[in-house]
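Working notes for the structure below.
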Amino acid sequence: MRKTPSTKVARDPHRRHRRAPPVASRPRAAVSAAVPPRMPLAVVILAAGEGKRMKSALPKVLQPLAGRPLLKHVIDTARALKPAAVHVVYGHGGEQVRGALNDEGVSWILQQPRLGTGHAVQQAMPRIAADQLVLVLYGDVPLISRATLTRLLALAGPRALGLLTMRTDHPGGYGRIVRDARGRVVRIVEHQDANARELKLTECNTGVLAAPAGLLRKWLARLGNSNSQREYYLTDVIAMAVKDKIPVRPLIAPTLTEVLGVNDKAQLAYLETAWRQRSAHALMLAGVTVADPARLDVRGTLSHGADVFLDVNVVLAGRVVLGDGVRVGAGCIIRDSEIGAGTEVFPHCVIEDAAVGPGCLIGPFARLRPGARLARGVHIGNFVEVKNARVGDESKANHLAYVGDCELGKRVNIGAGTIIANYDGANKHRSVIGDDAHTGSNSVLVAPITVGAGATIGAGSTVTQEVPPGKLTVARARQQVIEGWKRPVKPRK
Ligand code: UD1
Ligand code: CA
């Protein structure tokens, strides 16, 4: 199939309505030439919180959003900034987190006990050189966008601090940004420590900031915990910077969703909805027809051709490739699979690790399991399961069949109820069925078996030996009629 353009899910919702300039006129090259070389970047992701409100055996930062752990979203976004290192501060009991994300190549730092956000960042500082820029992110704020972070980093430097803030009508719980009469940020006051006037402030701290490591190290060492929570607040470094005449440059987050944290399952679902809308929107702008953007879940990356149609309640997970004109019916789940041009998948199919060629008809209610490789024009109908099988051009299995561990030639017809019995209780055996072979309804092919080209197997046969080509093979008991037989009758009471 032809290579189709990849529509990676856009992660920045406010870019939606802005038309990207043509590639040639993009200012990227000009900007990077004008801006002085950036300081090496060290990202510190705070993830030591317990997440009790999730009420789950799975740690909070491992809860999946769009099929990926929350923390993985943050790590992926951090990586996109090309940092020198990504440090993850994790807490007591966080071995599960480390284990799950062990292949991420991040540096893990145990914070024990947990004495506040300032204390958490302090744990990472021994691994960060003084000439680096430190970007603090939260492991439970998954949708932070690369675009916003790039803007924030541009505000920070060897003698400047970048602070990401947000405006909200519901500031309850957040640290408030205190500005002076000239609008300069002077400090952050935590909700618990704020007076009545400060509580009315609606600009809040997102927790995300960028600061030069040398100065940050110095400020962190001076933090105290004489506040209402007895914690070492990272937020106290803002007043220290101001005192040291280091400018604090605020950036107001362009959207709230990207700075929202996840504390409970309701907030998790809220961000999942935001993700769903965002990914569906990007796909529609890329030309995909989506029956209802509120009922499409893309939990991974989708590459697609032109004129793809996705009906309601479709879930696409992992890496999915859909060719030109592919139609996916309601309620289908497709994971890590490729579907060729012009193929129609009827409702309620489950397709995983499969490759479907062009012009096929799949379902309704078909299951393609790992290793299913269908060539061109194949029909797989209702209640048919295909696993680890190559199916040649224009072969059909239209009803109620199990097609596993086998090679099917071209134009093979698998009759309703055919089972390829591949498993003897210990081993799986492979079968080969030649071109134009037909298996009768309710036949059992006990593997390993070879069915010759053009062979026909009579309905209800159980074949255990080689089936010769071009002939009818019947392997069932002959029909008998028992003369004079009488049906037993119940004795009358
Ligand atoms: C913090 C900020 C507050 C801001 C809010 C945004 C401080 C003192 N307050 O509030 O101004 O409005 O975030 O959500 O920074 N964490 C650790 N170790 C700790 C404590 C926290 O790793 O010892 C992590 C948590 O896992 C979480 C993040 O830091 O990812 C923030 O902690 P949380 O308790 O949610 O924030 P607050 O302290 O309430
Ligand atoms: Ca707290």
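Start at 1 and go down the list; that is how both ligands and their atoms are numbered.
Checking only distances, Ile188 never comes within under 3.5 Å of ligand 1, N or O to N or O. Note: no N/O pair closer than 3.5 Å links Asn263 and ligand 1 by distance alone. For the pair Gln111 and ligand 1, the shortest N or O to N or O distance falls below 3.5 Å. Ligand 1 has no N or O atom lying under 3.5 Å from any N or O atom of Tyr233, backbone or side chain. When only interatomic distances are considered, the shortest N/O to N/O separation between Thr206 and ligand 1 does not fall below 3.5 Å. At under 3.5 Å, a nitrogen or oxygen of Asp140, whether backbone or side chain, sits near a nitrogen or oxygen of ligand 1.
Every heavy atom of Cys204 sits 4.0 Å or more from the atoms of ligand 1. Every heavy atom of Val89 sits 4.0 Å or more from the atoms of ligand 1.
Residues forming a salt bridge (charged side-chain N to carboxylate O under 4.0 Å, His left out) with Glu95 (at least two apart in sequence, or on another chain): none.
Residues Lys60 and Asn263 bring a donor and an acceptor atom of their side chains to less than 3.5 Å of each other. A side-chain N or O of His119 and one of Gln123 form a donor-acceptor pair less than 3.5 Å apart. Side-chain contact of Asn227 with Asp193: a donor-acceptor pair under 3.5 Å is absent, judged by distance alone.
Counting atoms of ligand 1 from 1 in the listed order, those under 4.0 Å from a heavy atom of Ala47 are 22 (O). For ligand 1, the atoms closer than 4.0 angstrom to any heavy atom of Glu190 are 2 (C), 3 (C), 7 (C), 8 (C), 9 (N), 10 (O), 11 (O).
The pair Arg369-Glu385 meets the salt-bridge criterion, with a side-chain N (NZ, NE, NH1 or NH2) lying under 4.0 Å from an Asp/Glu carboxylate O. For the pair Glu258 and Arg278, the salt-bridge criterion is not met [side-chain N within less than 4.0 Å of a carboxylate O].
Atom NZ of Lys218 sits in a crowded spot, with more than 12 heavy atoms from other residues, nucleotides or ligands closer than 6.0 Å.
When the heavy-atom distances from atom 20 (C) of ligand 1 to Gly175, Gly261, Ala120, Gly116 are ranked, the shortest goes to Gly116. Closest to atom 32 (O) of ligand 1 by heavy atom, among Thr117, Leu260, Val136, Leu223, is Thr117.
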